[in-house]
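Beneath this line is the structure, given in structure tokens, with notes to follow.
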Amino acid sequence: RNMRNRRGFTLVEMMIAVVILGIAAAVAVPSFLNMIQRNQVASATNDLLATMLAARSEAVKQEADIVVTESGGWSAGWVVEDADGNQLVSHTTSHNDIVITGSGAAVDGVTYRGNGRAAMTEDDYFTITLEDETRCLVFSTTGRPSVGECP
């Protein structure tokens with residue numbers, strides 16, 4: 001058999017491929033980690049937003065006060081209770097390193113009245129942070145929550 005008819009990769013070709021793969025991985029990994037951070041912050045923000053919207057809806061449905069308060073700190077999770085103290089929802093955050101802080105009246109929690117309004121202002125908001133990524137949950141003058149610019 002002739003050596004020239006053999007197929008395959010030479011050692012040099014294989015080393016070049018490994019070097020190119022290593023460079024591509026070195027460029028991609030930081031972007032991938034940043035994307036994971038953004039997704040975790042977005043997920044936590046959306047969880048808190050969904051809870052606030054559900055509490056508001058429940059307040060209107062029951063025509064009674066519904067309260068959203070922290071459970072071991074906002075970063076650990078939160079609970080939704082009716083006026084009688086019955087727990088309607090309990091949520092635990094999915095990532096231990098996410099920091100959720102309330103500002104203004106949001107520090108103590110959010111109370112939705114039977115008309116769907118909450119005594120919130122532009123100074124009342126939540127900041128959701130993981131390392132360099134930050135999002136804010138802000139409230140309208142009627143207490144409607146939304147994801148927006150941090151004040």
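With no hydrogens or angles considered, a side-chain donor-acceptor pair links Gln37 and Glu131 at under 3.5 Å. Side chains of Thr51 and Trp78: a donor-acceptor N/O pair is present below 3.5 angstrom, by distance only. A side-chain donor from one of Ser140 and Thr142 sits under 3.5 Å from a side-chain acceptor of the other.
Residues Ile20 and Val12 are members of one and the same hydrophobic cluster, defined by side-chain heavy-atom contacts under 4.5 angstrom among Ile, Leu, Val, Met, Phe, Trp and Tyr. Taking hydrophobic clusters as Ile, Leu, Val, Met, Phe, Trp and Tyr residues chained together by side-chain heavy-atom distances below 4.5 Å, Val41 does not share a cluster with Tyr125. Under the 4.5 Å side-chain contact rule for hydrophobic residues, Leu49 and Leu88 share a cluster. Leu130 and Ile128 end up in the same hydrophobic cluster when Ile, Leu, Val, Met, Phe, Trp and Tyr side chains are linked at under 4.5 Å. Taking hydrophobic clusters as Ile, Leu, Val, Met, Phe, Trp and Tyr residues chained together by side-chain heavy-atom distances below 4.5 Å, Val147 shares a cluster with Phe139.
Among Val99, Thr45, Thr134, the single residue meeting the side-chain contact (heavy atoms from CB on, under 4.5 Å) criterion with Thr127 is Thr134. No option in Thr111, Asp108, Asp82 other than Thr111 meets the side-chain contact (heavy atoms from CB on, under 4.5 Å) test with Val67.
Interatomic distance, Gln40 CD to Met35 CE, rounded to the nearest 0.5 Å: 10.5 Å. If you take CE on Met52 and CZ on Arg144, they are separated by 13.5 Å, rounding to the nearest 0.5 Å. Atom CG in Asn34 sits 10.0 Å away from atom CG in Asn39 (nearest 0.5 Å).
Heavy atoms only, all atoms of each residue included: Glu81 and Gln87 are closest at CG-CA, 4.0 Å. Minimum heavy-atom separation, Val79 to Ser71: CG1-CB, 4.1 Å.
Remark: the backbone N or O of Leu53 is not paired with any side-chain donor or acceptor of Ser57 at under 3.5 angstrom. Counting only distance, with no hydrogens or angles, the side chain of Gln62 and the backbone of Ala64 share no donor-acceptor pair below 3.5 Å. Without hydrogens or angle criteria, Tyr112 side chain to Gly143 main chain gives a donor-acceptor distance under 3.5 Å. Between the side chain of Ser75 and the main chain of Ile100, a donor-acceptor pair closer than 3.5 Å is present. Using a distance-only test at 3.5 Å, with no hydrogens or angles considered, a donor-acceptor pair links the side chain of Asp124 to the main chain of Ala105.
Met15 CE: 12 or fewer foreign heavy atoms inside a 6.0 Å radius. With a 6.0 Å radius and a threshold of 12 heavy atoms from other residues, nucleotides or ligands, Glu13 has its CD atom above the threshold. Crowding of Glu149 atom CD: a count of heavy atoms from other residues, nucleotides or ligands under 6.0 Å not exceeding 12.
At a threshold of 4.5 Å between non-hydrogen side-chain atoms, the residues Met14 and Thr10 do not count as touching. Contact of the Val138 side chain with the Pro151 side chain is registered, since non-hydrogen atoms from C-beta on lie closer than 4.5 Å. Looking at Arg56 and Ile66, their side chains never come closer than 4.5 Å, going by heavy atoms from C-beta outward.
Taking the six-membered ring where tryptophan is involved, the planes of Trp74 and Phe126 are perpendicular, since the angle between them exceeds 60° and thus also 30°.
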